[in-house]
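Each remark here refers to the structure printed beneath this line.
All chains are named by letter (A, B, ...) in the order of the sequence lines, taking the proteins before the strands, and each is independently numbered beginning at 1. Quick caveat, the model's predicted, so the values are computed rather than measured.
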Protein chains: 2
Amino acid sequence: MATIYQVSDLAGVSLATVSRVLNKNARVSDKTRDKVLAAMEELGYRPNSIAQSLASNRSNSVGILVSELDGPIYGQMMAGIESELRTAGKHAIITTGYSEEEKEKDGIEFLLSRNCDALILHAEAVSDEYLIELSKGKVPIYLVSRYVKELKDNCISIDNRLGGYLATKIVLDQGHKDIAYISGRLNKPDTTNRLIGHKKALAEENIEFDEQLSFVGDYSETGGMAGLKYFIDNKLNFSALVCANDEMASGAMKYAREHGFNLPEDLSIVGFDNVSFANYLYPKLTTIDNPTNEMGKMAAKLVLKTVYKQKNIKTHNIFEPKVIMRKSVIIHKG
Amino acid sequence: MATIYQVSDLAGVSLATVSRVLNKNARVSDKTRDKVLAAMEELGYRPNSIAQSLASNRSNSVGILVSELDGPIYGQMMAGIESELRTAGKHAIITTGYSEEEKEKDGIEFLLSRNCDALILHAEAVSDEYLIELSKGKVPIYLVSRYVKELKDNCISIDNRLGGYLATKIVLDQGHKDIAYISGRLNKPDTTNRLIGHKKALAEENIEFDEQLSFVGDYSETGGMAGLKYFIDNKLNFSALVCANDEMASGAMKYAREHGFNLPEDLSIVGFDNVSFANYLYPKLTTIDNPTNEMGKMAAKLVLKTVYKQKNIKTHNIFEPKVIMRKSVIIHKG
DNA sequence: AATAACATGGCGACTATTTACCAAGTTTCT
DNA sequence: AGAAACTTGGTAAATAGTCGCCATGTTATT
């Protein structure tokens with residue numbers, strides 16, 4: 001493989017000039033630049049990114065940690081991150097944490113050992129304290145879909161409180177009064193904020209929040225099934241069900257259908273996230289859009305702006321959830 | 001960040017010895033190894049992977065090209081690749097080609113410019129010739145879910161002919177005789193092989209393949225909808241539909257339901273791939289499992305074995321598709 | 001106790017590039 | 001014409017390791 005020495009030889013130009021052409025950090029006359037570029041072309045020169053990294057102490061790579069590679073949400077997030085980084089010539093080193101504390105820490109260690117210039121983390125299991133401590137290190141970290149107050153400028157998240165509010169508002173607007181709620185585990189702020197939003201929507205309609213009509217699931221399909229089973233087994237009265245994510249909504253749908261419900265006639269259901277399969281469910285799931293793709297893009301932009309000092313990049317940290325109306329909610333006939 | 005010099009200082013040992021400990025390529029007495037490891041620990045030493053790469057001319061990174069980051073298939077494939085590579089301490093640089101020739105080439109160029117030790121490609125748009133040419137370069141390439149005869153040792157693929165055969169066999173076994181088939185575009189061997197399998201299954205039952213009852217789709221939901229529309233508009237007679245992938249099966253289901261079909265009573269449907277949402281469809285889709293996750297793992301193992309010379313790794317190149325029985329096919333009442 | 005095998009030290013070359021610096025030459029402007 | 005601004009050359013240090021060689025010292029084997 002050709003080196004800059006050979007390029008400088010062939011172009012009849014000094015090493016420094018070749019470097020200047022490569023890095024665009026100093027004036028080079030058009031004539032000499034053309035000579036250099038022609039020489040590179042002729043030699044098929046490709047800068048050795050590893051040597052560049054070593055000398056400049058920059059790896060031009062950004063470490064990405066997601067919970068899964070094959071979940072519908074993470075895929076979109078990665079797609080967003082990768083496309084932004086790649087157009088900037090940076091690359092993504094991707095690894096997974098499987099929502100387990102030890103594995104997330106391992107993954108982060110792994111990324112640090114690869115000399116990433118920054119980390120974009122979708123860490124779920126690791127504590128706020130750990131992240132705060134980590135952020136004191138030399139490698140800047142950015143959090144997607146997680147809000148940690150102390151690191152708020154480096155967080156990209158959605159307004160989960162508003163999301164929870166909107167989800168419940170959908171069924172309220174259709175006249176439902178008895179609304180069951182399946183939450184995720186309450187140890188994450190995302191989850192509790194969705195619940196707070198739910199309660200707020202109820203309060204606005206002067207409906208008292210009924211502890212009995214809420215269930216703590218685990219964001220999985222089976223969690224949704226368990227939740228609906230619980231409500232039915234306890235002979236509770238409800239005409240609508242709001243779930244804190246689409247997986248649980250899907251599970252609830254399955255359980256409902258297996259137990260003689262006609263959907264959506266007998267039960268209106270709202271999900272959260274708007275994952276890709278929400279559109280494949282029957283009936284198509286009404287849900288709240290969680291713009292993970294754009295959040296991924298924004299996280300990447302934040303890195304480009306703050307770490308790589310690119311100009312003219314506009315960023316914002318909080319995204320607004322949007323209502324996606326489909327077929328799983330109907331007007332309450334009461 | 002600490003360097004090996006500081007480690008060797010602190011451990012009271014030579015540079016060479018530290019390197020020996022790091023690379024495990026020469027005998028080091030337990031006593032000195034412990035001293036070295038203790039020094040590393042104390043300094044928080046982490047080898048600089050970039051300097052290692054430069055000096056050893058190995059980047060320990062493998063470039064991955066997939067068609068999308070957020071498709072159900074590619075996610076599983078990446079998950080398989082990444083987990084294998086990571087346990088071996090190698091890392092994955094992931095990029096996308098969006099099934100477009102130019103973008104795939106760009107992506108490959110990008111990966112080559114990052115000094116990857118090998119490429120694992122799920123390239124769909126690029127020609128066989130291009131890949132063969134590429135394989136003559138210094139960086140070895142491996143193909144997933146694609147079979148190119150000239151590179152067969154570097155290809156991981158499934159037996160699509162058998163898959164197509166099994167898919168059609170499912171409905172034949174339930175007594176169906178009039179079987180429609182929605183194919184993908186016939187420019188890819190995967191697609192034509194599935195069709196060949198379909199024809200073979202028909203032939204075994206002495207059913208003549210009816211050109212009218214086959215439609216060329218594009219592997220998308222709308223392709224499936226268009227296919228079913230075509231069969232219906234032409235007033236063709238069929239009780240079962242075999243689709244060359246799950247997306248098209250899902251589209252056909254939607255179209256069928258919107259046009260008054262009761263599923264699965266009025267039409268039995270078989271998909272192909274067993275993507276994650278197949279289980280969320282209603283009725284749950286009977287399909288052929290395409291073990292992309294394992295294929296990804298196998299591709300990574302192949303790289304570990306052939307590029308990184310790891311021992312005791314067993315590999316094979318062709319995977320067998322399996323039937324996944326669910327609810328979208330019922331016995332033919334006729 | 002002699003010899004072989006093993007463990008370690010020390011050195012130097014090598015990897016491809018960045019970065020800073022100063023000097024010298026060339027344009028351009030006034 | 002003289003000064004200022006721009007362009008280029010040349011050099012050298014720095015980046016953090018790998019790799020191979022040979023000499024020397026230390027154990028183990030017989």
Base versus backbone protein contacts along nucleotides 9-24 of chain C [heavy-atom cut-off under 4.0 Å; B, S, -]: BB----BBBBB-B---

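- Rounded to whole angstrom, the span from the CG atom of D30(B) across to the P atom of dA7(C) amounts to 9 Å.
- V307(A) meets the side chain to side chain contact (heavy atoms under 4.5 Å, CB included) test with D117(A), A118(A), P140(A), Y142(A), V303(A); sequence neighbours excluded.
- Judged by distance alone, with hydrogens and angles left aside, the side-chain atoms of N154(B) form a donor-acceptor pair with the main-chain N or O of I141(B) at under 3.5 Å.
- For residues 40-56 of chain B, the set of pairs meeting the salt bridge (charged side-chain N to carboxylate O under 4.0 Å, His left out) definition, not counting sequence neighbours, comprises E109(A)-R46(B).
- Residues forming a salt bridge (charged side-chain N to carboxylate O under 4.0 Å, His left out) with E102(A) (at least two apart in sequence, or on another chain): none.
- Atoms CZ (R33(A)) and P (dT7(D)) sit 9 Å apart, rounded to a whole Å.
- Taking the C1' atoms of five terminal pairs at each end of the helix from dA1(C)-dT30(D) to dT30(C)-dA1(D), the two resulting helix axes are inclined by 10°, rounded to 10°.
- The interatomic distance linking D9(B) (CG) with dT8(C) (P) rounds to 18 Å, in whole Å.
- In this structure, CE of M40(B) is placed 15 Å from P of dA16(D), rounded to the nearest angstrom.
- Contacts classified as salt bridge (charged side-chain N to carboxylate O under 4.0 Å, His left out) and involving residues 145-156 of chain A (residues at least two apart or in different chains) are given here: D128(A)-R146(A).
- Pairs passing the ring-ring contact (aromatic ring centres under 6.0 Å, His included) check and including a residue from residues 97-120 of chain B, sequence neighbours excluded, do not occur.
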Output side-chain donor-acceptor pairs under 3.5 Å for residues 78-89 of chain B, partner residues at least two apart or in another chain, one line each.
residue, atom, partner, partner atom, Å
E82(B), OE1, T96(A), OG1, 3.3
E82(B), OE2, T95(A), OG1, 2.6
S83(B), OG, A79(B), O, 3.4
S83(B), OG, G80(B), O, 3.2
R86(B), NH1, T95(A), OG1, 2.7
R86(B), NH1, T96(A), O, 2.9
T87(B), OG1, S83(B), O, 3.2
T87(B), OG1, E84(B), O, 2.9

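- K188(A) meets the salt bridge (charged side-chain N to carboxylate O under 4.0 Å, His left out) test with E124(A); sequence neighbours excluded.
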